[in-house]
Amino acid sequence: MSIPSFGLGTFRLTGQAVIDSVKSALELGYRVVDTAQIYQNEADVGQAIAESGVPRSELFITTKIWVENYAADKLIASLRDSLQKLRTDYVDLLLIHWPAPGNGVELPEYMAALAEAKKLGLTRQIGVSNFNIELTRQAIEVVGKGEIATNQIELSPYLQNAKLTAFLKEQGITVTSYMTLAYGKVLKDPVLADIAAKHKATVAQVALAWALQLGYAVIPSSTKRENLASNLLARDLKLDADDMARIAKLERNGREVSPDGLAPIWD
Ligand SMILES: NC(=O)c1ccc[n+]([C@@H]2O[C@H](COP(=O)([O-])OP(=O)(O)OC[C@H]3O[C@@H](n4cnc5c(N)ncnc54)[C@H](OP(=O)(O)O)[C@@H]3O)[C@@H](O)[C@H]2O)c1
């Protein structure tokens with residue numbers, strides 16, 4: 001199993017905005033696109049991919065099942081609908097979007113349906129998103145050790161998730177950092193700005209390079225071609241031990257996303 005380390009996020013983007021973002025990114029060399037049923041943009045993403053001319057075999061497409069489709073008799077049908085919108089026969093990675101405790105469908109039911117989707121060849125890999133340690137443990141119990149490719153979680157220099165990332169590492173589960181830029185908040189940070197100046201890099205590149213160097217996958221989004229291009233160069237930025245130690249100290253439990261009814265009790 002492997003999760004590519006650098007991808008494109010598409011949250012909040014629909015219509016022409018997401019079509020332009022995905023097409024620019026693919027032209028610039030991105031090959032990983034992260035979407036979700038709830039983003040209401042799968043059809044736009046599918047259109048952008050088709051128009052880009054990039055062969056499907058070169059792409060890594062992730063989508064996420066929305067909570068209303070967690071029941072055993074709905075999950076796979078909803079995935080088939082997503083595949084049709086994305087104009088593909090399979091996704092590379094399929095995630096449960098939020099644990100949503102109390103939503104009426106228990107974890108063993110939706111995790112088993114997710115595993116079934118993989119068996120049917122509708123997804124190459126499966127994983128979870130926004131799961132805490134206990135729920136990740138329960139998910140592993142249902143689908144088996146080694147089956148969960150990633151836990152996609154909010155993670156930035158301001159929210160480093162030390163306990164959860166240590167557990168995921170121990171389990172061999174790749175961490176995917178979403179909102180690595182804290183939706184732009186970390187871009188104003190003076191410590192990151194200082195490190196960026198030292199390396200003649202941008203602050204966004206420093207935040208992304210920090211996550212990459214910790215072994216996490218990242219999926220920053222942007223509506224601007226120049227930001228898409230410069231973010232990709234974070235792969236070439238090498239931070240030193242002093243930079244990494246200074247960024248480690250920026251932790252402030254700065255969580256941006258925790259929707260009632262969907263989020264677990266965070267570690
Ligand atoms: N699993 C989940 O529950 C979940 C939740 C949230 C997000 N996600 C995924 O993670 C992806 C990333 O999160 P996100 O899009 O919310 O936030 P993000 O990537 O942390 O930040 C995106 C914001 O940063 C700006 N930005 C990007 N590059 C920049 C640069 N080089 N310089 C200045 N500004 C820059 C963008 O503005 P411009 O457009 O102006 O560049 C945009 O406003 C999402 O798109 C989605 O795919 C998953």
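Each ligand, and each atom within it, is numbered from 1 in the order the structure gives. All heavy atoms count here, side chains included; hydrogens, waters and symmetry mates do not.
Annotation for ligand 1: atoms under 4.0 Å from non-hydrogen atoms of Thr223 are 38 (P), 39 (O), 40 (O), 41 (O). Remark: ligand 1 atoms within the under-4.0 Å shell around heavy atoms of His97 are 1 (N), 2 (C), 3 (O). Taking every heavy atom of Leu187 and a limit of under 4.0 angstrom, the matching atoms of ligand 1 come to 33 (C), 34 (N), 35 (C). Every atom of ligand 1 with a heavy atom of Trp98 under 4.0 Å away is listed here by number and element: 3 (O). Taking a cut-off of under 4.0 Å to the non-hydrogen atoms of Ala182, the atoms of ligand 1 that pass are 20 (O). The atoms of ligand 1 that sit less than 4.0 Å from any heavy atom of Arg12 are 14 (P), 15 (O), 16 (O). Atoms of ligand 1 lying under 4.0 Å from at least one heavy atom of Gln152, given by number and element, are 1 (N), 2 (C), 4 (C), 8 (N), 9 (C), 48 (C).
Geometrically, Arg137 does not engage Phe131 in a cation-pi contact, judged by NZ or CZ lying under 6.0 Å from the ring centre and within 45° of the ring axis.
Within the set Val33, Asn231, Leu155, the minimum heavy-atom distance to atom 31 (N) of ligand 1 is found for Asn231.
By the neighbour-count criterion of 12 heavy atoms within 6.0 Å, atom CD of Glu256 is densely surrounded, having more than that number from other residues, nucleotides or ligands.
Pairing each heavy atom of Glu154 with each of Gly254, the nearest pair is OE2-O, 3.7 Å.
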Exercise. Are Asp20 and Arg225 close enough, and set up right, to give a salt bridge (Lys or Arg N to Asp or Glu O under 4.0 Å), and what steps lead you there?
Worked result: CA-CA 9 Å; Asp20 291 346; Arg225 191 181 174 96; over 6 Å; no
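Checked by distance only, ligand 1 and Phe11 come closer than 3.5 Å through their nitrogen or oxygen atoms.
The presence of a protein heavy atom under 4.0 Å from atom 37 (O) of ligand 1 is ruled out.
There is no side-chain donor-acceptor pair under 3.5 Å between Thr165 and Gln160.
Atom OH of Tyr183 and atom OH of Tyr178 lie 14.0 Å apart (nearest 0.5 Å).
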